[in-house]
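So that the names make sense, note that chain A is the first sequence line, chain B the second, and so on, each numbered from 1. Only this structure's heavy atoms are used, side chains among them; waters, hydrogens and symmetry mates stay out.
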Amino acid sequence: MPNLQNTAYDSPVDVLTEDQARDALAALAQDLSDANKAYHTDDAPKIDDATYDHLKRKNAEIEARFPHLKRADSPSDQVGARAADGFSKVAHEIKMLSLGNAFDDADVFDFDERIRKYLNITTADETLAYTAEPKIDGVSLALTYKNGALITAATRGDGEIGENVTANALTIQDIPQHIENAPELLEVRGEVYMSHADFAALNARQEATGGKTFANPRNAAAGSLRQLDSTITSERPLRFFAYAWGVLSSPLADTQFASIERLAALGFAINPLTKICKSPEALIAHYTDIAAARADLGYDIDGVVYKVDALAYQRRLGFRSTTPRWAIAHKFPAELAWTRLNAIDIQVGRTGALSPVARLQPVTVGGVVVSNATLHNEDYIAGIGGDGQPIRDGQDIRCGDMVQVYRAGDVIPKIAAVDISKRTQSKPYVFPDHCPECASPAIREDGDAVRRCTGGLICPAQAVERLKHFVSRAAFDIEGLGAKQVAYFFDDDTLPVKEPADIFTLKDRDETGFTKLENRDGFGKTSVKKLFQAIDEKRTIPLNRLLFSLGIRHLGESSAALIARHYGGWATLERALTTATIGDGDIWDYLLSIDGVGAVMATSLVMAFQNPAERASIDRLIAQLDVQDMPQVALSQSPVAGKTVVFTGTLEKMTRAEAKARAESHGAKVSGSVSAKTDILVAGPGAGSKATKAETLGVTVLDEDAWIALIGEA
DNA sequence: GTGCCTCGAGTTCC
DNA sequence: CTCGAGGCAC
């Protein structure tokens, strides 16, 4: 809590005596540090943003007047404090995607083969070339230039929305503020990084001044780029390599390599190890060269990126949901570390899944201290992979074992191997067959890898996880009511929140609460008022979010949206699912006719609405809400939007997969066989029975050129 | 039945 | 980020 008895907090700075100022700075350092800690570690801010900013400004004012009183632990030097609140958001016009991964040579050959198959290019044909360049281990940044002037710099964020760090980017030497002879609009993408030498010097400096040291150059680069005060960023030796582009008013060139060279000509640093390779063998050779040079580069890299060189091919290959088809990252083998497995704990998830977690003797792997690792499931501990094949040479994992840890994808800690020569436990780990939280039997269904608690709604662990899911970002996303808070209310005897509906009755119940919320530790009048306001705001909720929030098994964010769009409103959806029969009838058939919905999902959905206890809980929730209908989907402009299309015969201008992907991007549905539902048949040479059938049914038949003209593509 | 591709669920550390 | 499972095309 702010140290309000300290009068300096409210006194004008210019009347402070030196002693008062010294006290005030000490109190501010303490309060701001507490606030940061609460904000970051407890997920429960003790003071609101306005107060926080006020205190921080006050601190800066006092320091400005009494520079010699500035403390070693001054809050103005603190790294990462509430930075996320400080930057405005920037939407990426073209999404910043991640890349698929290759871990060995075979994956690289597969990549090449996939591309050749998609484009219908044989190995003998040398028109297919790739670029290969080191994958810098830093922070991605998108720089937008208008008429040659740097307008915005945005971090990747979630790929769609990033943070505006323009002021900080302007302080980076490698990033030109003005460029000549550039397209009117140019978005340059690349990586911000810190060299090993600069990283070591920075940490030494931080240590000397009592500042925070960084675990590795990437964290240092990320932390420096996200400083709210750009004068701090300007003192950090950040560098930048350009490797891609986003929106452009005119093309840079017609190959990847030439485009990057063009960026170099415009004044951007590009990586000197970028090379053209004409075969997977050449890619792997360059990878080996880069791996050999890795230690001497002077900056961190975590692999080599391969991209199809011809932009025309890149365009044809297009994108999968989260990655481009025309690029892949060939990763270096992960760093490994040995440590002791102290215990195996079992966590219970929202769906009742029992997940084993390894508690490890903390160990540094890849610059980060790891103390937990996922063990996935029963079979994984026993040494059996998902395909039934042995993993870790079939070795099982026991408590007390020395295990080798790595971070999969440089993030998730996993166990690579076990040293059985150091084993002390003579018996294999026995996976519990009862829920550790509610003691209900935990069973494993046929063909299922996970064991699940059968307690359902009565299992407290499941109930809490369901609530956490309910308030999560893609569901109700109530500000100030995160996982920590829901768990707090779940265990609170005077104001219990046991199911979603209880969240919306909190305010009324608080009126009669024994110790009113605003009088409790960690809450205040303002924060409670804000919380109730945030809850009220979410009483109006779109159908897709509501459906997702219910936490029905097999129904994730995108499937919930799919179902919501098909039914449009709560009343329609509720009526249908309440009266549906599993495996039979019109409603069942309709559910299965939705592209992307199968029997498993449909069963799960119907059961949730027809299980009396679960249904009662849903009804109590709905009584508190105003569920919004889904907006009518804006149909694509294309003349083929909503039409069902079938391709037959030989396609000469594109492959099957490509034709399908492109038709779908215009809103058409592609089917394999001609039926009464078919709108258009695209027939290439050699079309057989399908063409005949189409004519009988009166379906429009087009040749490939006519189809391309129709969808308006050259 | 096999082989993509996408989604869902669970996980770690900052 | 990864694995497993669901859904669908071949």
> What ring pair (Phe, Tyr, Trp, His ring centres under 6.0 Å) pairs are there with at least one residue in residues 347-385 of chain A, not counting sequence neighbours?
Replying inline: A:His376-A:Tyr380
Listed pairs, N/O of protein and of nucleotides 10-14 of chain B, under 3.5 Å:
| residue | atom | partner | partner atom | Å |
| --- | --- | --- | --- | --- |
| B:dG10 | OP1 | A:Thr351 | OG1 | 2.6 |
| B:dG10 | O3' | A:Ser355 | OG | 2.8 |
| B:dT11 | OP1 | A:Gln347 | OE1 | 3.0 |
| B:dT11 | OP1 | A:Ser355 | OG | 2.9 |
| B:dC13 | OP1 | A:Ser371 | N | 2.8 |
| B:dC13 | OP1 | A:Asn372 | N | 3.1 |
| B:dC13 | OP2 | A:Asn372 | ND2 | 3.1 |

> Which residue pairs satisfy the salt bridge (charged side-chain N to carboxylate O under 4.0 Å, His left out) criterion with at least one member in residues 543-562 of chain A, sequence neighbours excluded?
Replying inline: none
>> Does anything in residues 353-379 of chain A form a salt bridge (charged side-chain N to carboxylate O under 4.0 Å, His left out)? List the pairs, not counting sequence neighbours.
In response: A:Asp345-A:Arg359, A:Glu378-A:Arg444, A:Glu378-A:Arg451, A:Asp379-A:Arg444
Between [atom2] of [N] and [atom1] of [X], the distance in whole Å:
X	N	atom1	atom2	value
A:Leu591	C:dC8	CG	P	12 Å
A:Arg392	C:dC3	CZ	P	12 Å
A:Ile415	C:dC3	CD1	P	14 Å
A:Gln462	B:dA9	CD	C1'	13 Å
A:Leu562	C:dC8	CG	C1'	14 Å
A:Arg553	B:dA9	CZ	P	8 Å
A:Asp107	B:dC4	CG	P	13 Å
A:Arg466	B:dA9	CZ	P	11 Å

>> Quick check: A:Tyr306 with A:His330 (ring centres under 6.0 Å apart)?
In response: yes
>> Could you check, using the six-membered ring where one of them is a Trp, whether A:Phe548 and A:His469 have ring centers closer than 6.0 angstrom?
In response: yes
> Is the shortest side-chain N/O distance from A:Ser558 to OP1 or OP2 of B:dT6 below 4.0 Å?
Replying inline: no
>> Looking at A:Lys414, I'd like to know whether one of its side-chain N or O atoms comes within less than 4.0 Å of OP1 or OP2 on C:dC3.
In response: yes
> Which comes earlier along DNA chain B counting from the 5' end, the contact point of A:His554 or that of A:Arg114, where each point is its nearest nucleotide?
Replying inline: A:Arg114
>> Holding to side-chain contact (heavy atoms from CB on, under 4.5 Å), I want the full list of residues that pass it with A:Ser549, two or more places apart in sequence or in another chain.
In response: A:Phe470, A:Ala475, A:Phe476, A:Leu546
>> List the residues meeting side-chain contact (heavy atoms from CB on, under 4.5 Å) with A:Ser559, not counting sequence neighbours, and say none if there are none.
In response: A:Leu555, A:Met601
> Is A:Tyr406 touching bases, backbone alone, or none of the nucleic acid, heavy atoms closer than 4.0 Å?
Replying inline: nothing
> Reckon A:Ala599 touches a base, only the sugar-phosphate, or nothing at all at heavy-atom distances under 4.0 Å?
Replying inline: sugar-phosphate
